Structure formats: structure tokens, C-alpha cells
Amino acid sequence: TQLLEQSPQFLSIQEGENLTVYCNSSSVFSSLQWYRQEPGEGPVLLVTVVTGGEVKKLKRLTFQFGDARKDSSLHITAAQPGDTGLYLCASTLETSGSRLTFGEGTQLTVNP
Amino acid sequence: KAGVTQTPRYLIKTRGQQVTLSCSPISGHRSVSWYQQTPGQGLQFLFEYFSETQRNKGNFPGRFSGRQFSNSRSEMNVSTLELGDSALYLCASSLGWSREETQYFGPGTRLLVL
């Protein structure tokens, strides 16, 4: 059973389109992190959200943390080919100690 | 500041062999965590070491082991390799004082078991 569920698993869009990726859990997140991973590399941290209802922006990326701290979303505006990669949500769930638990990931392809 | 480094980057082994992977954390980081990434299971936590002691362990068989040295460098060993051990093995380092700290990942070691 996946503790963190991401959707969609795959997303292929055209340059300039908007998209949203979701991350949900039945457990409460102590904090939630979003990573991006490119082929042959390790995940790179994009943002950490901590407070319920929090919204963070990173250029064209907007991250939201649900009020109950059980869900999060990543919205990309006007996607570019450079946004292509595997997007992962992760958390140190309150039930799992200090280790990171990852979602399955969303493989995003932005076509020029 | 140099990032997390992992060696080797690529490795090919045959079933039954054993393998040792190495991870050098960011200078000053005392926690090193190891993860296995496969297409079917995604990223799964193997174990965490802090100050030369295993502090946390995931749900992997005893064939997977690790250790940490006094300079915080860590090694991971897999004995009696199986085909299913083919994966990208990632290590991540952090200061280690709080579970909320950011973990910084290395580029990984891609292991292929034939």
C-alpha cells in the first residue's frame, strides 16, 4: 500500500500548457517536499511546505499544501520543455520516523 | 560546497555476487540515508546512518547492509545479488539533527544484475 499517492503517473503536454500534479495521503504530513529528478541524476529538492494551507511559488511553479496537511499539489504554468522530468512528492510521515516516504512520481514530458 | 558524491556511477554484476557502493556526504553532514529506485516500486528507503550508527531501517532483507565511517562516508553492501536488485541506488545526506531537514541526493549508482 502506497502511503503517498501521486496522480497522474504520466503526463505528456505541449509547450505553453498548464498542468497540475497531486499528492495525497490518508496520514497527516509533518511536512511535504517536492522533488524533480532528471534521467541519470538524483532527485533535486524544489520546495518544502510545512504549514496547512501554505502556498509557495517558484517562478512558474506553484505549490499548495492542504489545510489538513494530507494533500498537496504542484501547478506549472506555461510549461516548457525544460520542465520535463520525474516529479516526486515526499514526506517524513508522522508514522514513519525520520525517513522520507516517496510517492510513485509523475513523469512529465513537455513537447516543443 | 561540493555535493553528495557516489561511486561507482554504473556497475554490472552477475547473480550471486556481492557489491559495495560508496557515498560521500556534503561536508558537515552527519546523516546518510540510502534509497533504492526501481520502475515498479519507485523510491524506497533502505536505511539511515548517523554518527556511525544505523538509526533507521526500511523493509529490505538482510542481504542489504551498510555502515558509516567516522568521516561520515557511508558504504552499502548487497550480498548474493538477485536479478531484482537491479536498480538505481541513491544516497542522501543531511545534518541529521531533525527529521524535517532537507536531504540532498547524490546522482546514484546504477546497478545491473545479469
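No experiment lies behind these values; they were computed from the predicted model shown. Chain naming here is simple, since letters A, B, ... match the order of the sequence lines and numbering starts at 1 in each.
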### Query
So which part of B/Glu101 gets closer than 4.5 Å to some heavy atom of chain A, the side chain, the backbone, both or neither?
backbone
### Message
Taking atom CZ as the centre, does B/Arg15 end up with more than 12 heavy-atom neighbours from other residues, nucleotides or ligands that are less than 6.0 angstrom away?
### Response
no
#### Entry: Output field: ring centroids B/Phe47/B/Tyr49 closer than 6.0 Å
yes
#### Entry: Residue pair B/Tyr35 / B/Leu43: nearest heavy atoms and the distance that separates them
CB-CD2, 3.6 Å
### Task
Examine the side chains of B/Thr20 and B/Asn77 and answer whether a donor and an acceptor come within less than 3.5 Å of each other.
yes
#### Entry: Aromatic ring pairing B/Phe50/B/Trp97, orientation class (parallel under 30°, perpendicular over 60°, tilted between)
perpendicular
### Positions in residues 105-114 of chain B that reach chain A, provided some heavy atom is under 4.5 Å away
B/Phe105, B/Gly106, B/Pro107
### Query
In this structure, are over 12 heavy atoms from other groups packed under 6.0 Å from B/Asn59 atom CG?
no
### Message
We want to know whether B/Arg30 and B/Ser51 form a side-chain donor-acceptor pair, criterion being a heavy-atom distance below 3.5 angstrom.
### Response
yes
#### Entry: Contacting moiety of A/Gln33, where chain B heavy atoms sit under 4.5 Å
side chain
### Task
Give the intermediate values and the outcome of side-chain contact (heavy atoms from CB on, under 4.5 Å) for residues B/Val32 and B/Trp34.
CA-CA 7 Å; B/Val32 174; B/Trp34 289 90; 3.9 Å; yes
### Task
Might you point out which heavy atoms bring B/Gln103 and A/Tyr35 nearest each other, and give the distance in Å?
O-OH, 3.6 Å
### Task
Tell me, yes or no, whether the heavy-atom count around B/Lys57 atom NZ, taken from other residues, nucleotides or ligands under 6.0 Å, exceeds 12.
yes
### Task
Considering only heavy atoms, give the residues of residues 81-92 of chain B separated from chain A by less than 4.5 Å, sorted numerically, with 'none' for an empty result.
B/Leu88, B/Leu90
